[in-house]
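Below is one structure; the comments refer to it alone.
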Amino acid sequence: MEAVKSLPQEAKDLFKWAKGSQWNKVVDRYRLNPEIHRFRITRSGDTALHIAVLDRKEDVVEVLVRLIDEAAAKKPTEKGNVLESDDSAVEEEGRTPKDHPLWLANERGNTPLHLAASIGNARMCNCIARKHKDLVGARNNVSETPFFLAALHGKKDAFLSLHNILQGNGKGHECCRNKNGETILHCAIAGEYFDLAYQITDLYGEILTSSFDEEGRTPLHLLASKPALFKSGSHLGFFNRIIYHCISVKKLGGIKEDATSNDDKKYPINYQTCMNLWNMLTNSVLTISGIDKKGNSEKGQTTSGNQGIDKEGNSEEGQTTSGNQDTSRNCLKDLEEGRSNSSQNKGFIKFLYSAMMVILGIGAREIKKIREMKEKHEWAVQIMEKLLECASTYEYDYSAGAQPDTKQEDDITTAPTEENEEKGQKDKKADGKRVFTFNIKDKGFVFDVDFSKGEVSIARDEGKKQKGQKETPILIAAKNGITEMVEAILDSSPMAIHDRNSSDKNIVMLTAENRQPKVYELLLKKENLTESMSDAVDNEGNSVLHLVAMATHHQPWLIPGAALQMQWEIKWFKYVQDNMPRNFTMRYNKANKTAKEIFTEKHEELVKNGSEWLNSTANSCSVVAALIATVAFATSATVPGGIKEGKGTPTLGHTAAFDVFSISSLIALCFSVNSLVMFLAILTSRQQEKDFSSNLPNKLLFGLSSLFISIGAILISFCAGHFFVLKDELKFAALPIYAVTCLPVAFFAVMQFPLYLDLIWATFTKVPKRSSTSVS
């Protein structure tokens with residue numbers, strides 16, 4: 001914030017006082033000299049009121065606005081020969097003259113109301129816009145209104161305050177867009193302000209849910225491009241899943257519901273952990289004691305009482321069916337009691353686990369992260385359902401991907417190419433005759449006007465057609481693996497399953513191409529819909545198998561290592577192939593290639609990387625296996641304590657430690673040799689494409705299993721053999737000594753154990769599991 005050097009002295013004083021927070025002097029000067037209300041005191045064109053808003057000086061802003069209004073009301077305006085007050089111009093229908101100081105904007109076009117809405121101060125917004133309602137529709141340099149900025153920055157209170165002001169003149173929908181066609185609902189969903197998004201859908205749902213931005217995207221398009229907002233796009237570990245199911249999330253509500261549900265208490269940050277533990281404890285006690293159950297039973301009694309009143313009106317039928325209803329009611333009661341008891345036990349276990357994590361320092365942070373994740377998941381589904389509820393089937397099926405209707409711009413542009421090529425107009429010369437070409441903007445049509453003949457021809461612009469054809473929300477959701485949205489859209493609009501993108505790919509083809517097993521399994525359950533789509537091809541003649549055979553640039557599978565990625569690529573290809581007709585394998589596309597040929601061609605680099613990864617893994621593990629085999633051979637040929645003369649039997653043969661030593665050394669020798677053989681088999685393998693299906697992964701799995709067993713056996717053998725040396729004097733110190741000695745070898749085993757688990761998972765999983773990476 002810098003002052004302009006050429007400013008008058010009064011403006012410099014205003015800047016100095018505002019910078020030093022001496023707002024009393026600023027107010028006094030505003031009261032004495034109304035002319036300085038229009039002074040810009042910074043290089044960015046801000047007035048003192050702009051600075052007061054940015055500093056969140058609510059009291060100062062109210063005083064300055066009042067002084068500005070009083071000075072503007074006393075300003076004389078000439079009507080004929082009479083000087084009248086300008087108060088009527090300010091008060092009439094909330095209209096403010098353009099020369100009013102509150103209309104002053106900085107270099108970015110932001111008025112003080114823009115700034116107040118951006119920082120989310122509802123009090124200042126109400127103070128400025130209460131008498132000047134048209135300021136809510138003022139647009140800055142990028143055509144953003146204060147109403148739009150409040151939604152853009154997720155300021156719910158300021159948004160609702162401005163909404164109440166706009167509600168009186170019925171012009172709220174006119175302030176909801178910027179110049180790119182984005183609406184307030186687009187911004188709320190893009191910024192993941194779900195509470196605000198729900199309020200917008202509740203207030204402007206019928207208008208904004210089917211609105212398009214400049215790229216032809218609706219709010220549902222934006223939501224479909226964010227897989228991390230849904231449970232199907234997130235991956236949690238075992239313990240985190242327990243906490244996830246234990247957490248309860250409050251559902252979003254409208255304005256009336258929010259007004260009646262503001263009972264949540266907020267505590268200081270240093271008390272929040274203790275309050276979380278206290279809330280979990282009280283909820284668990286209430287659940288175990290059966291108070292919730294008692295409340296439900298009271299509701300049941302009330303319902304049954306109402307049913308009894310109805311039965312009195314139907315005497316004969318009520319007496320006949322009362323016995324059956326009582327029997328069914330008792331059965332349902334027994335089932336509910338059994339379920340409640342089971343849920344109470346599970347809830348108590350979850351409570352103990354959660355309480356233990358809260359008591360620990362890390363647990364509170366993890367629970368907070370998981371809570372925030374579940375809130376996003378639940379609220380995103382709620383917003384999705386609200387959007388589908390507001391959008392009709394006709395609008396979804398036929399207007400998805402269309403361009404927005406921008407009223408601020410002219411539909412027809414008539415400037416020639418030399419002046420403005422961006423308007424989509426062309427200037428042609430054909431056969432010495434001048435021909436002008438006009439485009440209807442964003443409509444995909446071209447007019448050719450030949451002035452020599454007086455002829456006009458119309459044709460469709462294919463380039464504009466391809467650019468304007470966007471993917472529908474269900475296709476985007478299928479590409480990103482959002483099963484919740486795919487299922488919800490199919491339930492609300494079954495015809496959406498026939499949607500295709502610009503490449504003529506349907507939902508089954510996009511799901512298979514982008515490796516989305518969950519969505520593909522969901523579509524397989526709808527046999528009557530997928531059977532007619534299985535034999536479809538895109539505009540290049542590629543079938544579903546052709547698209548599956550094409551490798552993606554990023555790693556689609558939730559598994560490390562190029563070899564395991566290749567294994568899951570083969571599994572995915574075979575899984576899709578098994579659910580397709582048999583003749584699909586030998587079908588050719590327009591390039592005269594089968595799916596198998598494309599698979600081999602596109603996965604050459606992955607096979608190469610997988611071979612290198614397997615060789616490096618086998619080399620490092622074979623060195624360890626060779627060392628263990630050498631030590632195990634020497635150990636198995638050694639007898640602790642020697643042998644008895646004349647008999648040849650071990651001296652310590654009848655002790656438990658000797659038996660443990662003998663068996664463990666033999667196990668270490670056998671399994672270390674087995675692991676060494678498996679790793680050598682990997683190194684000498686041909687490592688072709690088909691070997692990655694089961695041959696190479698099974699060898700690696702067997703080799704690692706043998707290696708881990710041999711490591712554990714050799715450590716046990718060492719401890720058992722050395723136990724005879726320390727059993728008398730250092731018997732109690734033996735265990736920590738053995739632990740420290742075995743730590744380096746155990747550390748290697750621990751480092752390789754995640755790879756071992758991944759191998760087991762990849763080998764025995766029939767359908768691969770997709771990663772959470774979004775697809776644009």
Side-chain angles (χ1 to χ4, degrees), residues 513 515 517 545-578 585-586 593-629 671-711 748-749 751-771:
E513 181 185 13
R515 278 79 171 158
L545 278 182
H546 285 89
L547 298 175
V548 172
M550 297 179 183
T552 54
H553 297 289
H554 60 278
Q555 292 186 352
W557 304 116
L558 193 67
I559 198 74
L564 301 183
Q565 287 281 332
M566 184 63 196
Q567 182 189 20
W568 276 17
E569 282 284 289
I570 297 173
K571 281 192 173 186
W572 179 242
F573 183 83
K574 290 183 178 180
Y575 179 73
V576 176
Q577 184 180 11
D578 293 340
T585 306
M586 299 306 297
K593 293 182 180 180
T594 63
K596 185 63 177 176
E597 293 173 350
I598 295 177
F599 187 88
T600 303
E601 178 183 347
K602 296 294 184 179
H603 289 80
E604 288 181 355
E605 185 178 357
L606 188 59
V607 170
K608 180 181 178 181
N609 295 334
S611 300
E612 294 176 355
W613 181 82
L614 278 176
N615 290 335
S616 61
T617 304
N619 275 324
S620 59
C621 293
S622 60
V623 173
V624 179
L627 292 175
I628 294 176
F671 280 94
S672 60
V673 173
N674 288 335
S675 64
L676 184 59
V677 171
M678 288 295 104
F679 293 134
L680 291 177
I682 293 174
L683 294 173
T684 57
S685 176
R686 296 174 299 175
Q687 297 182 354
Q688 295 181 352
E689 173 191 313
K690 61 181 181 180
D691 296 332
F692 285 88
S693 177
S694 58
N695 186 10
L696 292 176
N698 290 341
K699 288 180 179 179
L700 183 60
L701 179 61
F702 188 75
L704 285 176
S705 301
S706 301
L707 179 61
F708 287 136
I709 294 174
S710 63
I711 290 175
F748 170 80
M751 292 297 294
Q752 295 295 328
F753 196 69
L755 173 62
Y756 180 70
L757 296 179
D758 291 334
L759 263 175
I760 295 176
W761 183 29
T763 303
F764 296 102
T765 301
K766 182 180 179 181
V767 182
K769 189 173 184 180
R770 183 64 160 80
S771 65

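Both backbone and side-chain heavy atoms feed into the values below; hydrogens, waters and symmetry mates do not.
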*Can you see which heavy atom on Lys699 is nearest to which on Ile682, and at what distance?*
CB-CG1, 3.8 Å
*Considering all heavy atoms of both residues, which atom of Arg515 and which atom of Glu513 are nearest to each other, and what is their separation?*
NH1-O, 2.7 Å
Could you go through residues 700-708 and list every donor-acceptor pair under 3.5 Å that involves a side-chain atom there, pairing it with any protein atom two or more places apart or in another chain?
| unit_1 | atom_1 | unit_2 | atom_2 | d |
| --- | --- | --- | --- | --- |
| Ser705 | OG | Leu701 | O | 2.8 |
| Ser705 | OG | Tyr756 | OH | 2.8 |
| Ser706 | OG | Phe702 | O | 3.0 |

*Which pair of heavy atoms, one from Ser672 and one from Ser710, lies closest together, and at what distance?*
N-CB, 3.6 Å
_Before you tell me yes or no, could you show the steps for Asn609 and Met566 under side-chain contact (heavy atoms from CB on, under 4.5 Å), namely the whole-Å CA-CA distance, both residues' side-chain angles and the distance that decides it to 0.1 Å?_
CA-CA 9 Å; Asn609 295 334; Met566 184 63 196; over 6 Å; no
*asked:* Among residues at least two apart in sequence or on other chains, which ones pass side-chain hydrogen bond (donor to acceptor under 3.5 Å, both in side chains) with Ser693?
replied: Lys574
_Point-to-point distance, once rounded to the nearest 0.5 Å, from CD of Gln688 to CG of Asn695_ = 10.5 Å
*With rounding to the nearest 0.5 Å, note down the distance linking OG1 in Thr594 to CE in Met586.*
6.0 Å
*Distance in Å, Leu564 CG paired with Lys571 NZ, rounded so as to fall on 0.5 Å steps*: 10.0 Å
*Pair listing, salt bridge (Lys or Arg N to Asp or Glu O under 4.0 Å) test, anchored in residues 596-611, at least two apart*: Lys593-Glu601, Lys596-Glu689
*Any side-chain heavy-atom pair from Ser675 and Phe679 closer than 4.5 angstrom?*
yes
*For Phe599, which residues count as a ring-ring contact (aromatic ring centres under 6.0 Å, His included) partner, sequence neighbours excluded?*
Phe573, His603
*Identify the heavy atoms of Ser611 and Phe692 that sit nearest to each other, and give their distance.*
OG-CZ, 3.6 Å
Extract all donor-acceptor atom pairs below 3.5 Å that involve side chains of residues 616-624 and protein atoms in other chains or at least two apart in sequence.
| unit_1 | atom_1 | unit_2 | atom_2 | d |
| --- | --- | --- | --- | --- |
| Ser616 | OG | Glu612 | O | 3.2 |
| Ser616 | OG | Trp613 | O | 2.9 |
| Thr617 | OG1 | Trp613 | O | 2.8 |
| Asn619 | ND2 | Asn615 | O | 3.1 |
| Ser620 | OG | Ser616 | O | 3.3 |
| Ser620 | OG | Thr617 | O | 2.9 |
| Ser622 | OG | Ala618 | O | 2.9 |
| Ser622 | OG | Asn619 | O | 2.8 |

*Could you grab the distance from atom CD of Gln565 to atom CD1 of Ile570, nearest 0.5 Å is fine?*
12.0 Å
_Close side-chain approach of Glu569 and Leu606, heavy atoms under 4.5 Å_ = yes
_My understanding is that only residues two or more places apart in sequence, or in another chain, count here; which of them pass side-chain contact (heavy atoms from CB on, under 4.5 Å) with Ser685?_
Gln687, Asp691, Leu696
